[in-house]
Each structure stands twice: as C-alpha cells, then as structure tokens.
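Residue numbers begin at 1 in each chain, while the letters A, B, ... track the order of the sequences.
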There are 2 protein chains.
Amino acid sequence: MKLTSKGRYAVMALVDLARFDNINPVSLRDISLRQGISLDFLEQIFSKLRKNEIVQSVRGTQGGYILNKKAKEIKLTNIFDAVDEKVKTVQCKKESKKGCNGKSTKCLTHNLWDELENHINNFFKEKSLEDLVKDNNERRI
Amino acid sequence: MKLTSKGRYAVMALVDLARFDNINPVSLRDISLRQGISLDFLEQIFSKLRKNEIVQSVRGTQGGYILNKKAKEIKLTNIFDAVDEKVKTVQCKKESKKGCNGKSTKCLTHNLWDELENHINNFFKEKSLEDLVKDNNERRI
DNA sequence: ATGATACTTGACTATTTTAGTCAGGTTTAT
DNA sequence: ATAAACCTGACTAAAATAGTCAAGTATCAT
C-alpha cells in the first residue's frame, strides 16, 4: 500500500502555491523549479485541480495559479479526490449486488477494510492546506 | 493508494484458519476452496507466514496449518510485516543523507506523510486476529 | 512399504499501474 | 506581435502486481 506520486505532488505543489498565493499568481514553472517536479506532470495535475475548483488559473504573461478557496477550507480529501488519488482497500465494493469473492456473502474481512478506509479518510478530512503551511513555517524558524 | 492482494489474502486466510484452529490443522486446500484464493498463491503467502512464526505447519495426511500464537496476540502489523505489505507513503526516507527531492532539505510535506504512516500503522497495531474473528461471529448470528 | 496428501521452493510471466514525456495547440498581458 | 503561460490528449518505458507452473520433499494412514 502506498501513495502515488500524483497525490503527493499535488499536495506539495499546493503547499508551495499557498505560501505565495496572497501576492501574485504562481506559475507552474516556478513550482516546477522549486519542488523539482516535471512541468508537464504539473500541468496534468493542475488541470484536474482547476476542474475541481481548487485553484483558478490566470492566463497571460505574469499569469499562473491562485487558490480558489482559503487554505483553511481546502482539505486533503478535496485534493486527493481532485487528482483521483483514491484510498481503496478492497475490490468488494464495486459490485453492488455480489459479495466479495463473487460469492453471495461478504468476505471475512470486509468490515475491516471498511474501518481502515474510514480511519484513513478521517485523517484526510481533518487536515487542511493551512495546517501544512503552518507546519512548514514553524519549521523554518 | 491501495492494499495489495497479498496482504488482503493473508488476513482472510488467517481469519479462516483461526476459526477452525482449535480443532485440527487446516489445509490450504480447504482455505482455498472456502475463500476462493488460488492454492499456489496461498502457498506463497503461508511460506512467509511460517517463516515469521505466525503459523506452524503440520505435514502429512490430515496436515495443514495452525496458529503459532493466540489469535489475540497476532496483530495485523505482524501479518503485514510477514508478507511484505508495507505502508509506504513516500520515498524520502530511503536515502538517509539526502532530502526528499535530491535537495538538501526535507520536502514541504515530509512531516505530513510521517504522520499519515503513523496513523495507519496505529490502526494495524491495535487490531488483532481475535478481533476479526469475533466481529465475524457476531455477524453470523 | 507405499501411496496419497500436504507442504516447499523458486522461477517465470501476463497484465496493470505508474510516472511521466511529447507534441501541438490556445489565450492573454504588454 | 510575441513571449509567457496555460491546455489537451495521446503515448510509453519501467515497475509492481497477481498470480501460474514445475518439480520437488516430508509425513501419515494403512
């Protein structure tokens, strides 16, 4: 079980952005340089973030991206949802009718994975972008 | 982020085993049939579980596997460790000297992934095989 | 003894996912 | 006008996953 780069980079890029946001739009080029993330990959990610109304784009020279909400209101859940980072512990849930093994009953551990998913998602729901920025500023002092 | 089959199957198989354990060794063939898991794959998994002293094997006719400890003492952590199911949120930790992006500093979100890993691992440390068996018996009533 | 049952080991592989790259746009500030 | 910036979608090499396959060895019931 591990996190994918897409999700990790999305969060990193947004933390970077959130730190400069109140001044000017931040260009992906800058984020790419500062965070060491491929520009092309960032574009893919930000395309999704924009569609999910987490950021706004500003075109033209001196353009870039700005947050679409306050950092406090952007939770990790929102970010992961936007870039299709899913916490998926188990297959069983896709098929609505059938049970987990193609059998009619739930698998022995069905409830467990449910609990685990909730446990992880709670963590993501509580944590906001603001928390991360703060955490970072404290470390820099 | 998702769990691999190896980890899931390991837990499923052990719950199955734990339910019959006090009577006789349970053969992989039976587990395979009941849980719909490939016998060959189960053998791979149980080989690891045995090496990690989670189960004992009983050879010969009527042989099979039995738990090596009480179900209460087998935590999910132990099972996942045994089958190499790792919670790995981030690459940064491998390289001891360098930072996360090959830079000298930690990446902006380093602490976050640390916290997340702990959050998940705590869940695994608390949950025992006995809990799962109980949960299952309750559901069957 | 011997056959059946069961465990043991290790190599192999098709499929899927990941982590991007690449190419060719369009839009807008100056 | 033009450079900086965003936008889109197709493509792909490499790694991980989820097993399969083959060839054993050990033990027990009879």
Listed in order of residue number, which residues of residues 43-53 of chain B have a non-hydrogen atom at under 4.0 Å from DNA chain D? Q44(B)

Identify every side-chain donor-acceptor pair in residues 74-82 of chain A under 3.5 Å, counting partners at least two apart or on other chains, and give the distances.
unit_1: T77(A); atom_1: OG1; unit_2: F124(A); atom_2: O; d: 3.3
unit_1: T77(A); atom_1: OG1; unit_2: K125(A); atom_2: N; d: 3.2
unit_1: N78(A); atom_1: OD1; unit_2: K75(A); atom_2: N; d: 2.9

Is the distance from OP1 or OP2 of dA18(D) to the nearest side-chain N or O of S5(B) less than 4.0 Å? yes

So does L112(B) get a backbone contact from the side chain of T109(B), meaning a donor-acceptor N/O pair under 3.5 Å? no

First of S57(A) and K6(B) reached from the 5' end of DNA chain D, by closest nucleotide: S57(A)

Output a table of nitrogen or oxygen pairs between the protein and nucleotides 13-15 of chain C separated by less than 3.5 Å.
none

Is the closest side-chain heavy-atom distance between L129(B) and L17(B) below 4.5 Å? no

If you compare every side-chain N and O of S27(B) against the phosphate oxygens of dT5(C) (OP1, OP2), does one of them come in below 4.0 Å? no

Over how many whole Å does the gap from D30(B) atom CG to dT5(C) atom C1' extend? 12 Å

Taking for each residue the nucleotide of DNA chain C bearing the nearest heavy atom, is the 5' side occupied by R59(A) or by Q62(B)? Q62(B)

In whole Å, I'd like the distance from the CG atom of L39(B) to the C1' atom of dT8(C). 12 Å

For residues 48-64 of chain B, which residue pairs pass the salt bridge (charged side-chain N to carboxylate O under 4.0 Å, His left out) check, not counting sequence neighbours? K48(B)-D84(B)

Taking the side chain as everything from C-beta on, heavy atoms only, tell me whether L108(B) gets closer than 4.5 Å to L132(A). no

Could you check whether any side-chain N or O of N121(A) sits under 3.5 Å from a backbone N or O of E117(A), counting only pairs where one atom can act as donor and the other as acceptor? yes

Mapping E85(B) and D40(B) onto DNA chain D by nearest heavy atom, which one lands closer to the 5' end? E85(B)

Side-chain N or O of Y9(A) versus OP1/OP2 of dA19(C): is the shortest distance under 4.0 Å? no

Whole angstroms only, please: what is the OH-P distance between Y65(A) and dT28(C)? 13 Å

Quick check: does any side chain N or O of H119(A) sit under 3.5 Å from a backbone N or O of H119(B), one acting as donor and the other as acceptor? yes

Side-chain N or O of T61(A) less than 4.0 angstrom from OP1 or OP2 on dT2(D)? no

Any S38(A) side-chain nitrogen or oxygen under 4.0 Å from OP1 or OP2 of dT21(C): yes

Between atom CG in L17(B) and atom C1' in dC7(C), what is the gap in whole Å? 14 Å

Which residues satisfy the side chain to side chain contact (heavy atoms under 4.5 Å, CB included) test with E43(B), sequence neighbours excluded? L28(B), L39(B), D40(B)

Roughly how many Å is it from CG in L28(A) to P in dA5(D), rounded to a whole number? 10 Å

Just checking, any donor-acceptor pair under 3.5 angstrom between side chains of S5(B) and R8(B)? yes

Would you mind reading off the distance between N24(A) atom CG and dA5(D) atom P, rounded to a whole angstrom? 12 Å

Which residues satisfy the side chain to side chain contact (heavy atoms under 4.5 Å, CB included) test with E115(A), sequence neighbours excluded? F123(B), K127(B)

Length of the line joining I37(A):CD1 and dT18(C):C1', which is rounded to integer Å: 16 Å

Whole-Å gap separating P (dT8(C)) and CD (Q56(B)): 11 Å

